[in-house]
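Numbering starts at 1 and runs along the sequence shown. Keep in mind that the numbers below use all heavy atoms, side chains included, and drop hydrogens, waters and symmetry copies.
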Amino acid sequence: MLIRIISFILLLTHTAFAEEFKPLPNKKIDWNFEGIMGYFNRESIQRGYKVYKEVCAACHSMKRVSFRNLVDIGFSEDEVKQIAASYQVTDGPNDLGEMFERNGTPSDYFVPPFNNKEAAASANNGVVPPDLSLIIKARHDGANYVYSLLTGYKNGEQSEDGLYSNPYFPAGKLAMAAPLSDGLVQYDNDKQSTVENMAYDVVNFLQWASEPELESRHKLGLKVIAYFIVLTVLFILTNNKLWRNLYQKKH
Ligand code: HEC
């Protein structure tokens, strides 16, 4: 009897969980920005900006990043002006209460690909592509996760519901088709634009966007540590001297 009850419970739990998808653990990448000596790999971040601009920006906004911020990753003021001016920005309202278009300036934020959520959803199988400004922080183990997601598509697998299989996405399939393919973006130097390299670069770019202060925080951390080491040495020296004096007085 007991055995029958136990096997019944096992059967129930088995059917309840059989359908549940278990995502693969993230690939682990050695990122330059990790650890106490972590720094931004600006060449990679610049290439990553190119990948974002030419591929991801067709669907994903990055509303929290302004053109001016690109100076941080190595663009000159003039280059930033040119980049900004190549966009049309909606501004206003003017004196007549109307919105108008003008060329972008460095203080403008990245221009979103869709005017509203409805337009974004209807162009993407009913799912709004999330803003990528903070995506690395918004996901657990964000950098490794986004890298795994971008490099983890199994070719050509689209299910009947219009979703695409990806074993790293928590639900196993998502509304984004594999956005990268080898050679998709033209790199300026002789670095190969393989899916892996483009994913690596765009994640470096997104990491910088999510946490631009990371590098200066690491530098400050090192300064604080150096300061404490000096302080400790001074303390030991004065302490020794103090005790030596007291000791000599006694004897
Ligand atoms: C053709 C449109 C399109 C392009 C191009 C595109 N995406 Fe997406 N992306 C989407 C949609 C739609 C979703 C929402 C998927 C879902 O939740 O089912 C999404 C979701 C995501 C997510 C969130 C996954 C999660 O955990 O919720 C990330 C990260 C992402 N995209 C990164 C990128 C990057 C990086 C690029 C450029 C290399 C890119 N996308 C290009 C449409 C696109």
For Gln88, does the CD atom have more than 12 heavy-atom neighbours from other residues, nucleotides or ligands under 6.0 Å away?
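Yes, because the 6.0 Å sphere around CD of Gln88 holds more than 12 heavy atoms from other groups.
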With a 3.5 Å distance limit and no angle check, can you tell me whether [X] reaches the backbone of [Y] through a side-chain donor-acceptor pair?
{"X": "Asn125", "Y": "Gly162", "result": "yes"}
{"X": "Tyr52", "Y": "His60", "result": "yes"}
{"X": "Glu215", "Y": "Phe40", "result": "yes"}
{"X": "Asn245", "Y": "Leu242", "result": "no"}
{"X": "Gln46", "Y": "Ile73", "result": "yes"}
{"X": "Asn124", "Y": "Val128", "result": "no"}
{"X": "Asn204", "Y": "Ile45", "result": "no"}

Work out which heavy atom in [X] is nearest to a heavy atom in [Y]; give both atom names and the distance.
{"X": "Arg64", "Y": "Ser133", "value": "N-OG, 3.1 Å"}
{"X": "Phe67", "Y": "Thr105", "value": "CD1-O, 3.7 Å"}
{"X": "Phe114", "Y": "Cys59", "value": "CE1-O, 3.6 Å"}

Give the cluster check for [X] versus [Y]: same hydrophobic cluster or not, with ILVMFWY residues linked at side-chain heavy-atom distances below 4.5 Å.
{"X": "Phe110", "Y": "Val71", "answer": "yes"}
{"X": "Leu231", "Y": "Ile225", "answer": "no"}
{"X": "Leu134", "Y": "Met62", "answer": "no"}
{"X": "Tyr145", "Y": "Val127", "answer": "no"}

Indicate yes or no: at least one non-hydrogen side-chain atom of [X] is less than 4.5 angstrom from one of [Y].
{"X": "Tyr200", "Y": "Phe205", "answer": "no"}
{"X": "Met198", "Y": "Val55", "answer": "no"}
{"X": "Leu24", "Y": "Ser148", "answer": "no"}
{"X": "Glu211", "Y": "Ile136", "answer": "no"}
{"X": "Lys154", "Y": "Pro167", "answer": "yes"}
{"X": "Asn69", "Y": "Trp208", "answer": "yes"}
{"X": "Val146", "Y": "Leu132", "answer": "no"}
{"X": "Leu150", "Y": "Pro179", "answer": "yes"}

Ionic contact status for Asp188 with Arg47, cut-off 4.0 Å
no
Charged N to carboxylate O below 4.0 Å: is that the case for Lys27 and Glu196?
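The answer is no: the pair does not qualify as a salt bridge.
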Measuring from [X]:[atom1] to [Y]:[atom2], what's the distance to the nearest 0.5 Å?
{"X": "Leu220", "Y": "His218", "atom1": "CG", "atom2": "NE2", "result": "11.0 Å"}
{"X": "Tyr49", "Y": "Leu206", "atom1": "OH", "atom2": "CG", "result": "13.0 Å"}
{"X": "Tyr168", "Y": "Tyr147", "atom1": "OH", "atom2": "OH", "result": "9.5 Å"}
{"X": "Leu163", "Y": "Met176", "atom1": "CG", "atom2": "CE", "result": "12.0 Å"}
{"X": "Ile135", "Y": "Gln207", "atom1": "CD1", "atom2": "CD", "result": "12.5 Å"}
{"X": "Ile29", "Y": "Glu34", "atom1": "CD1", "atom2": "CD", "result": "9.5 Å"}

Salt bridge (Lys or Arg N to Asp or Glu O under 4.0 Å) partners of residues 102-115, not counting sequence neighbours, each pair once:
Asp91-Arg102, Arg102-Asp108
side-chain hydrogen bond (donor to acceptor under 3.5 Å, both in side chains) between Tyr187 and Asp201: does it pass, once the steps are laid out?
CA-CA 11 Å; Tyr187 277 171; Asp201 292 338; 2.7 Å; yes
Between Tyr39 and Phe33, does the ring centre distance come in under 6.0 Å?
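Centroid separation for Tyr39 and Phe33: 6.0 Å or greater.
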Going by atom types only, do Asp78 and Ser76 share a side-chain donor-acceptor pair under 3.5 Å?
no
Are side-chain N/O atoms of Asn26 and Asn144 paired as donor and acceptor at under 3.5 Å?
no
